[in-house]
Amino acid sequence: MPELPEVETTRRGIRPHIEGRTIRTVTVRERRLRWPVPRALARTLAGRCVTTVDRRGKYLLLRLDAGCLLLHLGMSGSLRVLPAPTPAAKHDHLDIIFENDTCLRLRDPRRFGSIHYTRGDPLRHKLLAGLGPEPLGEGFSGDYLHRAARGRKQSIKTFIMDSCIVTGVGNIYANEALFLSGIHPKRPAGRVALARYRSLAENIRAVLLRAIEEGGTTLRDFTGGEGQPGYFRIHLNVYDRAEQPCRVCAAPIRQHRIGQRSSFYCVNCQH
DNA sequence: CCGGACGCCTGTCGGC
DNA sequence: TGCCGACAGGCGTCCG
């Protein structure tokens with residue numbers, strides 16, 4: 001579910017409630033997530049203080065006074081801040097309760113999300129070490145993409161969704177950025193010219209920033225850290241708009257699968 | 001090395 | 001109604 005804008009929205013929603021707070025207890029109701037929740041998690045976290053809440057790609061980093069908690073929301077995960085005695089519903093797998101009776105609750109019906117604790121530098125963690133540049137940070141540009149794509153035959157869409165290339169771009173925003181740059185999603189990544197990669201890099205940034213401003217995209221059930229939906233859906237040009245008229249040329253938006261993922265594009269505007 | 005397919009899960013929706 | 005298949009915001013792993 002959550003791509004970079006939704007994870008960033010979650011980060012901004014939970015941060016003011018938990019930064020500087022000390023963890024009193026942790027309740028794990030379901031250990032079977034994408035990877036098993038560490039058995040010692042509750043013991044490890046009790047008494048720790050959250051110093052900062054950061055993000056790397058689609059991972060949230062809760063930096064503690066000792067170690068760091070990594071959270072990934074998978075397809076259906078969400079985090080929410082609640083007053084401590086709030087009854088848990090189905091799929092509420094984890095509660096982190098702070099000494100001021102604030103509860104940080106993880107809900108994840110499909111259980112594709114994961115939780116990891118690391119003692120050392122989180123950016124060195126196995127799952128983060130190989131990630132590509134942040135699309136909103138330094139080191140990400142059209143020149144970089146063009147260089148990385150050299151000789152690649154895979155589709156441009158699969159290419160920009162590869163977290164080793166650039167992190168945080170998922171199915172919604174890949175479709176949207178390619179539309180904005182007029183690039184057909186099936187075009188081989190190695191056959192996109194530098195000028196078009198410059199446009200694409202700018203549009204990836206632009207669409208992610210705009211989505212963050214709107215609090216992310218809520219398709220069915222995404223909510224930010226304070227339970228609010230995101231409003232970027234209104235601005236989607238192609239994603240989930242099969243057969244609807246292109247906002248530029250009015251031709252019907254096409255949908256078909258690229259690398260097992262639904263892809264949406266305008267045959268008229270994208271080449 | 002690269003690229004594509006496959007699972008992992010539950011919930012929802014459309015068709016019959 | 002109910003059943004069944006397809007599909008859903010991700011990604012590590014396996015195989016050719």
Side-chain angles (χ1 to χ4, degrees), chain A residues 1-11 29-37 55-60 70-79 89-94 106-116 125-132 135 148-178 185-191 204 207-208 211-212 214-224 229-236 238-243 255-264:
Chain A
M1 151 221 273
E3 304 182 35
L4 188 150
E6 291 73 36
V7 178
E8 179 62 19
T9 296
T10 301
R11 187 184 77 84
R29 296 186 197 82
E30 176 58 82
R31 291 171 30 86
R32 298 170 302 165
L33 303 186
R34 179 74 169 83
W35 282 284
V37 176
R55 179 187 57 72
R56 175 77 174 99
K58 297 175 190 171
Y59 286 89
L60 282 169
L70 307 179
L71 285 160
H72 194 289
L73 300 176
M75 286 280 258
S76 58
S78 59
L79 280 173
K90 200 175 180 185
H91 307 307
D92 288 343
H93 304 315
L94 177 91
L106 173 73
R107 178 183 160 81
D108 186 1
R110 292 178 71 181
R111 293 193 270 125
F112 288 172
S114 58
I115 303 167
H116 317 263
H125 190 275
K126 181 186 169 188
L127 294 169
L128 302 194
L131 294 179
R150 193 167 299 161
R152 289 224 186 206
K153 290 175 180 168
Q154 70 179 158
S155 73
I156 180 74
K157 176 164 177 270
T158 309
F159 176 69
I160 60 171
M161 287 177 67
D162 182 343
S163 63
C164 306
I165 301 301
V166 56
T167 181
V169 180
N171 203 25
I172 294 178
Y173 302 107
N175 278 293
E176 293 299 312
L178 288 167
K186 270 196 85 172
R187 173 170 286 272
R191 297 209 292 108
I204 288 172
V207 76
L208 296 177
I212 292 169
E214 297 287 351
T217 301
T218 296
L219 294 174
R220 39 186 19 179
D221 54 9
F222 169 76
T223 57
Y231 296 100
F232 191 72
R233 187 176 194 175
I234 306 163
H235 304 286
L236 295 175
V238 288
Y239 186 86
D240 207 21
R241 293 196 65 240
E243 304 307 319
Q255 172 177 11
H256 84 108
R257 297 184 87 70
I258 300 173
Q260 350 285 88
R261 309 300 295 276
S262 261
S263 302
F264 301 85

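Residue numbers begin at 1 in each chain, while the letters A, B, ... track the order of the sequences. All values reported here derive from a predicted model rather than from experimental measurement.
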Check the distance between C/dG12's P and A/His116's NE2 and give it to me in whole angstrom. 9 Å
May I ask you to evaluate whether A/Ser262 reaches the phosphate of C/dA8, defined as a side-chain N or O under 4.0 Å from OP1 or OP2? yes
For the base of C/dC11 and the side-chain ring of A/Phe112, does the geometry meet a stacking cutoff of under 5.5 Å between centres and under 30° between planes? no
Examine the side chains of A/Tyr173 and A/Thr217 and answer whether a donor and an acceptor come within less than 3.5 Å of each other. yes
Is A/Thr217 touching bases, backbone alone, or none of the nucleic acid, heavy atoms closer than 4.0 Å? base
Can you tell me if the side-chain N/O atoms of A/His72 get under 4.0 Å from OP1 or OP2 in C/dC11? yes
From CG of A/Asn171 across to C1' of C/dC11 the rounded distance in Å is 13 Å
Tell me whether the OP1 or OP2 atom of B/dC9 has a side-chain N or O from A/His91 closer than 4.0 Å. no
Specify the separation, in whole Å, of atom CZ of A/Arg31 and atom C1' of B/dC9. 17 Å
Go along nucleotides 2-7 of chain B 5' to 3' and tag each nucleotide: B for a protein heavy atom under 4.0 Å from its base, S when only backbone or sugar atoms are that close, - otherwise. -SSSBB
B/dG3 versus C/dG9 - spacing of their C1' atoms, nearest Å: 23 Å
Spacing of CE belonging to A/Met161 relative to CZ belonging to A/Arg261, to within rounding of 0.5 Å: 4.0 Å
Gap between atoms CG and P, on A/Leu131 and C/dG10 respectively (whole Å): 14 Å
Measure from NZ on A/Lys157 to P on C/dC11 and round the result to the nearest Å. 13 Å
Looking at A/Tyr239, does any N or O in its side chain come under 4.0 Å of the phosphate oxygens OP1/OP2 on C/dG9? yes
Parallel, tilted or perpendicular, judged at 30° and 60°: which one describes the rings of A/His93 and A/His91? perpendicular
OP1 or OP2 of C/dA8 versus the side-chain N and O atoms of A/Arg257: is any pair under 4.0 Å? yes
Which atom names give the shortest non-hydrogen contact between A/Leu131 and A/Arg56, and what distance separates them? O-NH2, 3.2 Å
Here the distance between atom P of C/dG10 and atom CG of A/Leu4, to the nearest Å, is 11 Å
OP1 or OP2 of B/dT10 versus the side-chain N and O atoms of A/Lys90: is any pair under 4.0 Å? no
I'd like the P distance from C/dC11 over to B/dC1, given in whole Å. 22 Å
Which comes earlier along DNA chain B counting from the 5' end, the contact point of A/Arg111 or that of A/Arg220, where each point is its nearest nucleotide? A/Arg111
Using Watson-Crick or G-U wobble geometry with both distances under 3.5 Å, which nucleotide pairs with C/dG5? B/dC13
Figure out the CG/C1' separation between A/Asp108 and B/dG11, and round it to whole Å. 12 Å
OP1 or OP2 of C/dG9 less than 4.0 angstrom from a side-chain nitrogen or oxygen of A/Arg261, does that happen here? yes
Considering only the C1' atoms, how many Å lie between B/dG11 and C/dG12, rounded to the nearest integer? 23 Å
hbond_proxy A/Arg110 side chain to B/dC9 base (donor-acceptor, 3.5 Å cutoff): yes
In this structure, CD of A/Glu176 is separated from CG of A/Leu178 (nearest 0.5 Å) by 9.5 Å
A/Arg32 CZ to B/dT10 P, in whole Å, measures 7 Å
Mind checking the CG-CZ spacing from A/Asn175 to A/Arg241? Nearest 0.5 Å is all I need. 12.5 Å
Distance (rounded to the nearest 0.5 Å) between A/Arg187 CZ and A/Ile258 CD1: 12.5 Å
In Å, rounded to the nearest 0.5 Å, how long is the span from OH of A/Tyr239 to CG of A/Leu219? 5.5 Å
